[in-house]
Amino acid sequence: MSTTKHHELTLTKREAARLERAAKKNQQARKGRFSRWLQESRKNREALASRPGPRGWARPAGGAMSPSESLFEVRGTTVQVCGLYPFVAGSGLPVIGAPLGYHLRRRSLVCADPISWFLAGIISNPSAFILGQPGLGKTSLVHRFISVSAAWGYIPMILADSRPDYVLMVEALNGQVISFSPGKGHINPMDLGPLAASLWEIEDPTHREQAIGEMIGRRRSLITGLTAMMLGRALRPHESSVIAQSLVSLDPDLRKPPLMHELITFIKTRPDDLRTVMMATDDRDYDERVRDLLDALISLGPDGVYGDMFSKPTTAHIRPGVPVVFDISGVNENDAILTAAVQSLCWNLGSATVSAEQHLAVAAGRPRRTYLLVMDELWRVLRASEEMVHFIDTITRLNRGRGIAQVMVTHTMNDLKLSSAHLTATAWGFVERSSMVFLGGLAKGEMGNLREVFSLSQEEMELLSDWTAEAPVDYRTGKAGLRPGAGNFILKTGKQAGTPFHTELTSYEFFVSDTNRDWEMIK
């Protein structure tokens with residue numbers, strides 16, 4: 001059994017008094033620090049209540065922001081920036097138009113679309129051109145234009161969807177889908193729709209005559225263009241006159257559009273008015289002069305290579321005021337002439353419908369609707385027939401006056417290089433006249449073409465070529481991610497420096513704009 005000895009500490013009175021004084025001093029020091037902290041906190045709160053902090057008013061209902069936008073830094077020599085001191089900041093982008101995504105450097109919101117910027121006076125023409133390699137987000141950008149425009153009361157029109165990329169979007173907008181391909185619907189090229197016939201209801205005779213004259217001209221140009229496409233050459237003057245006179249004789253007031261076989265039969269019967277137009281001396285001379293023209297019309301008729309596509313009454317007309325898409329995905333892509341003919345027919349019908357609706361709106365004194373016309377895969381129609389460049393040129397020049405904005409889409413500037421310098425200059429004019437140009441990832445060899453149309457800095461060119469790099473592959477899954485330039489674009493307006501941004505889509509927009517959905521079944 002162990003025993004423990006306890007030793008008691010005995011303090012003298014002096015030592016006990018010294019320890020008691022030290023304890024009181026420490027207690028007073030702690031109270032002093034806490035008191036000073038309270039005082040400083042109170043002062044800070046009072047200061048913040050009278051002025052905002054670096055992120056706003058930090059007080060109840062003050063609305064201080066937790067994140068703050070990073071400043072955009074630039075560097076320059078003292079010679080370049082001395083005149084800008086002190087603290088000069090750029091004006092930034094106008095927050096006008098469809099929200100497209102975020103600025104790649106400033107991380108700020110980028111808003112733009114051809115209609116809103118034109119209405120705000122930022123651009124002089126409501127037209128946009130999109131260039132970029134396949135798979136980098138051109139269609140997604142157009143989808144953003146369409147969804148926002150429809151929400152704001154503008155009418156999207158996709159008049160030749162060849163894949164199709166826009167059918168789901170238009171269906172989601174409760175729009176109209178018109179299928180036009182072999183075995184899926186028919187379109188009579190001489191039928192411009194019920195709106196054209198209703199132009200006779202315009203009371204003002206001058207306005208009525210002007211509107212009907214425009215529609216007659218549109219129909220004549222459409223048939224002439226289709227026939228030229230079949231022949232592979234421009235029509236001779238007497239051939240154009242035969243078509244014009246035949247249409248006037250068969251349907252002078254746009255109320256009973258003839259079918260293709262009726263037009264062929266009418267020309268074959270050698271009526272006197274056509275003999276007069278051609279100045280034919282006898283039947284043999286008449287037949288010789290219309291031989292090529294009849295060959296082309298027969299190829300478009302029921303006995304031609306395209307069957308009843310163009311020879312039966314129109315299955316469905318465009319309903320004005322709702323989004324519409326022509327689904328031409330069933331057209332054989334290897335038949336370039338047919339593809340071009342269908343595209344030009346759809347574009348012209350859409351443009352004619354919009355124009356007729358505008359005439360009726362003006363006559364009735366009601367507001368005119370604003371349309372957004374999307375012309376995707378521009379290279380297809382130009383490759384099929386170079387004569388189509390004049391047709392597109394006419395559309396792009398006149399749409400502004402008709403209340404139509406337009407978005408043209410193709411892959412490279414080389415798509416616009418045609419067989420002659422004159423045609424190429426006309427096609428490149430599509431880009432030059434577009435007030436907004438969206439540039440996606442492009443090859444280095446493309447930069448020379450672009451610099452002939454508008455200025456590009458060295459940094460912009462490097463950015464565009466970098467976006468064409470292949471996507472990195474995950475070594476664990478063996479799958480590639482997104483390409484570096486997917487969704488990235490530079491917005492150019494005139495000679496100003498471009499705005500690089502990344503397109504942001506909502507989950508629903510991503511679903512309806514996924515152009516790779518056909519591959520899902522084998523993934």
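Hydrogens, waters and symmetry mates play no part in the numbers below; they use all other heavy atoms, side chains included.
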Student: Would you say His411 and Pro134 make side-chain contact, with heavy atoms under 4.5 Å?
Tutor: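 SC-SC contact between His411 and Pro134 confirmed.
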Student: Between atom OG1 of Thr224 and atom CD1 of Ile243, what is the distance when rounded to the nearest 0.5 Å?
Tutor: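 Answer rounded to 0.5 Å: 4.5 Å.
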Student: Where the side chain of Ser457 meets the backbone of Glu460, is there a donor-acceptor pair that is under 3.5 Å apart?
Tutor: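 Yes, because the side chain of Ser457 sits within donor-acceptor range (under 3.5 Å) of the backbone of Glu460.
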Student: Measuring only between side-chain heavy atoms, which start at C-beta, is Leu100 closer than 4.5 Å to Cys111?
Tutor: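 The answer is no; the side chains never approach within 4.5 Å.
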Student: Between atom OG of Ser355 and atom OH of Tyr371, what is the distance when rounded to the nearest 0.5 Å?
Tutor: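 Rounded to the nearest 0.5 Å, the OG-OH separation comes out at 10.5 Å.
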Student: Which atoms form the tightest heavy-atom contact between Ile202 and Ala211, and what is the distance?
Tutor: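 Nearest heavy atoms, Ile202 then Ala211: CD1-CB, 4.2 Å.
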Student: Please test Arg208 against Glu201 for salt bridge (Lys or Arg N to Asp or Glu O under 4.0 Å), starting from the C-alpha separation and ending with a verdict.
Tutor: CA-CA 8 Å; Arg208 181 174 64 241; Glu201 300 173 2; over 6 Å; no
Student: Name the orientation class of the two ring planes belonging to Phe438 and Phe489 (parallel below 30°, tilted from 30 to 60°, perpendicular beyond 60°).
Tutor: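 Perpendicular, since the angle between the ring planes exceeds 60°.
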Student: Go through the side-chain N and O atoms of Asn188 and Thr314 and say whether any donor and acceptor fall under 3.5 Å apart.
Tutor: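 There is no such pair between these side chains.
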Student: Keeping Thr424 on the side-chain end and Leu418 on the backbone end, is there a donor-acceptor pair under 3.5 Å?
Tutor: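 Looks like yes, one N/O pair under 3.5 Å.
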Student: For Glu459, I'd like to know if atom CD has over 12 heavy atoms of other residues, nucleotides or ligands within 6.0 Å.
Tutor: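 At most 12 heavy atoms, drawn from other residues, nucleotides or ligands, come within 6.0 Å of this atom.
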Student: Would you indicate whether the side-chain heavy atoms of Leu456 and Leu439 approach each other to under 4.5 Å?
Tutor: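 Touching, per the 4.5 Å side-chain cut-off.
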Student: Check whether any side-chain heavy atom of Ile328 sits under 4.5 Å from a side-chain heavy atom of Cys346, and report yes or no.
Tutor: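 Sidechains of Cys346 and Ile328: in contact.
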Student: Distance from Thr315 atom OG1 to Ile178 atom CD1, nearest 0.5 Å?
Tutor: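 The CD1 atom of Ile178 is 9.5 Å from OG1 of Thr315, to the nearest 0.5 Å.
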Student: Give the intermediate values and the outcome of salt bridge (Lys or Arg N to Asp or Glu O under 4.0 Å) for residues Asp251 and Arg219.
Tutor: CA-CA 11 Å; Asp251 182 27; Arg219 182 175 63 175; 2.7 Å; yes
Student: For Leu263 and Met190, what are the C-alpha separation, side-chain angles and deciding distance, and is it a side chain to side chain contact (heavy atoms under 4.5 Å, CB included)?
Tutor: CA-CA 10 Å; Leu263 176 61; Met190 288 169 279; 4.0 Å; yes
Student: CD/Glu432 to OG1/Thr426 distance, rounded to the nearest 0.5 angstrom?
Tutor: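 Rounded to the nearest 0.5 Å, the CD-OG1 separation comes to 10.0 Å.
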Student: At their closest point, which heavy atom of Leu360 faces which heavy atom of Ser198, and how far apart are they?
Tutor: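 In terms of heavy atoms, the two residues are closest at CD1-OG, 3.4 Å.
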Student: Answer yes or no: is there a donor N or O on one side and an acceptor on the other, between the side chain of Arg144 and the main chain of Ala98, under 3.5 Å?
Tutor: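 Not confirmed, Arg144 side chain does not pair with Ala98 backbone.
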Student: Does Arg366 pair with Glu357 as a salt bridge, N-O distance under 4.0 Å?
Tutor: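 Salt bridge between Arg366 and Glu357, a charged N being under 4.0 Å from a carboxylate O: yes.
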Student: First locate atom OG of Ser127, then atom CE of Met436, and finally report the distance between them rounded to the nearest 0.5 Å.
Tutor: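 Answer rounded to 0.5 Å: 9.5 Å.
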Student: Any donor and acceptor pair, going by atom type alone, linking the side chain of Gln406 with main-chain N or O of Leu373 inside 3.5 Å?
Tutor: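 No, the answer is negative, given that no donor and acceptor are paired below the 3.5 Å cut-off.
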Student: Determine the minimum heavy-atom distance between Val331 and Phe180, stating which atoms define it.
Tutor: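 Closest approach of Val331 to Phe180, heavy atoms only: CG2-O, 3.8 Å.
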Student: With heavy-atom distances below 4.5 Å as the criterion, would you say the side chains of Thr139 and Asp376 are in contact?
Tutor: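 Yes, side chains in contact.
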Student: Between Asp393 and Arg433, does the salt bridge (Lys or Arg N to Asp or Glu O under 4.0 Å) criterion hold? Intermediate values first, please.
Tutor: CA-CA 10 Å; Asp393 186 53; Arg433 288 195 302 277; 2.7 Å; yes
Student: Which atom names give the shortest non-hydrogen contact between Met229 and Ala341, and what distance separates them?
Tutor: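 Taking Met229 first and Ala341 second, the nearest heavy atoms are SD-N, 3.4 Å.
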Student: Would you name the heavy atoms of Ala112 and Leu491 that are closest together and state the gap between them?
Tutor: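 In terms of heavy atoms, the two residues are closest at CB-CD2, 3.9 Å.
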Student: Okay, side chain of Ser465, backbone of Glu462: is any donor-acceptor separation there less than 3.5 Å?
Tutor: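 The answer is yes, because a donor-acceptor pair under 3.5 Å joins these two groups.
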Student: Check the pair His502, Tyr102 against ring pair (Phe, Tyr, Trp, His ring centres under 6.0 Å), reporting the backbone distance first and the verdict last.
Tutor: CA-CA 6 Å; His502 179 80; Tyr102 60 85; 5.4 Å; yes
Student: Between the side chains of His359 and Glu214, is a donor N or O closer than 3.5 angstrom to an acceptor N or O?
Tutor: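 Indeed, the side chains of His359 and Glu214 share at least one donor-acceptor pair under 3.5 Å.
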Student: Are any non-hydrogen side-chain atoms of Val409 and Trp379 less than 4.5 angstrom apart?
Tutor: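 With C-beta onward as the side chain, the pair stays apart.
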Student: For the pair Thr412 (side chain) and Asn414 (backbone), establish whether a donor and an acceptor sit closer than 3.5 Å, ignoring hydrogens and angles.
Tutor: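 Yes; at least one donor-acceptor contact below 3.5 Å.
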Student: Could you tell me whether a side-chain N or O of Trp467 sits under 3.5 Å from a main-chain N or O of Ala486, the two making a donor and an acceptor?
Tutor: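 Side chain of Trp467 to backbone of Ala486, a donor-acceptor pair under 3.5 Å: no, none is there.
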Student: Heavy-atom distance under 4.5 Å between the side chains of Leu192 and Pro257, does that happen here?
Tutor: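 Contact flag for Leu192/Pro257 side chains = no.
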Student: State, without any angle test, whether Ser351 and Arg218 hold a side-chain donor-acceptor pair at a distance under 3.5 Å.
Tutor: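 Per modelled atom types, Ser351 and Arg218 side chains form a pair under 3.5 Å.
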Student: Measure from the side-chain N and O atoms of Thr503 to the backbone N and O of Gly487, and report whether any donor-acceptor pair falls under 3.5 Å.
Tutor: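 Looks like yes, one N/O pair under 3.5 Å.
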Student: How long is the gap from CG on Leu505 to NE2 on His143, to the nearest 0.5 Å?
Tutor: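 If I round to the nearest 0.5 Å, the distance is 9.0 Å.
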Student: How about Leu247 and Ile216: do any of their side-chain heavy atoms sit closer than 4.5 Å?
Tutor: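 With C-beta onward as the side chain, the pair stays apart.
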Student: Looking only at heavy atoms, which two atoms of Ile123 and Pro114 are closest? And how far apart?
Tutor: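 Nearest heavy atoms, Ile123 then Pro114: CD1-O, 3.7 Å.
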Student: Using distance alone, with no hydrogens and no angle criterion, decide if Tyr166 and Asp327 have a side-chain donor and acceptor under 3.5 Å apart.
Tutor: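 Checked: Tyr166/Asp327 side chains show no N/O donor-acceptor pair below 3.5 Å.
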Student: So Leu199 and Met215, side chain to side chain contact (heavy atoms under 4.5 Å, CB included) or not? Walk me through it.
Tutor: CA-CA 9 Å; Leu199 293 176; Met215 292 300 126; 3.4 Å; yes
Student: Going through the distances and angles, do Asp308 and Ser311 end up as a side chain to side chain donor-acceptor pair (under 3.5 Å)?
Tutor: CA-CA 5 Å; Asp308 55 8; Ser311 60; 5.6 Å; no
Student: Between the side chain of Ser435 and the main-chain N/O of Asn125, is any donor-acceptor distance below 3.5 Å?
Tutor: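 Looks like yes, one N/O pair under 3.5 Å.
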Student: Give a yes or no on whether a salt bridge exists between Lys138 and Asp165, defined as a side-chain N under 4.0 angstrom from a carboxylate O.
Tutor: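 Judged by the 4.0 Å cut-off on N to carboxylate O distance, Lys138 and Asp165 do not form a salt bridge.
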Student: Please evaluate residues Arg255 and Trp200 with respect to the criterion side chain to side chain contact (heavy atoms under 4.5 Å, CB included), reporting the C-alpha separation (whole Å), side-chain torsions for both, the decisive distance (0.1 Å), and the verdict.
Tutor: CA-CA 9 Å; Arg255 291 175 175 171; Trp200 286 98; 3.2 Å; yes
Student: Look at the side chain of Thr468 and the backbone N and O of Leu464, then say whether any donor-acceptor pair between them is shorter than 3.5 Å.
Tutor: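 Checked: no pair found.
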Student: Are there more than 12 heavy atoms of other residues, nucleotides or ligands under 6.0 Å from atom CD of Glu171?
Tutor: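 Above 12, so yes.
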Student: Using side chain to side chain contact (heavy atoms under 4.5 Å, CB included), reason through Asp161 and Val167 one step at a time and then give a plain yes or no.
Tutor: CA-CA 8 Å; Asp161 191 0; Val167 170; 4.1 Å; yes
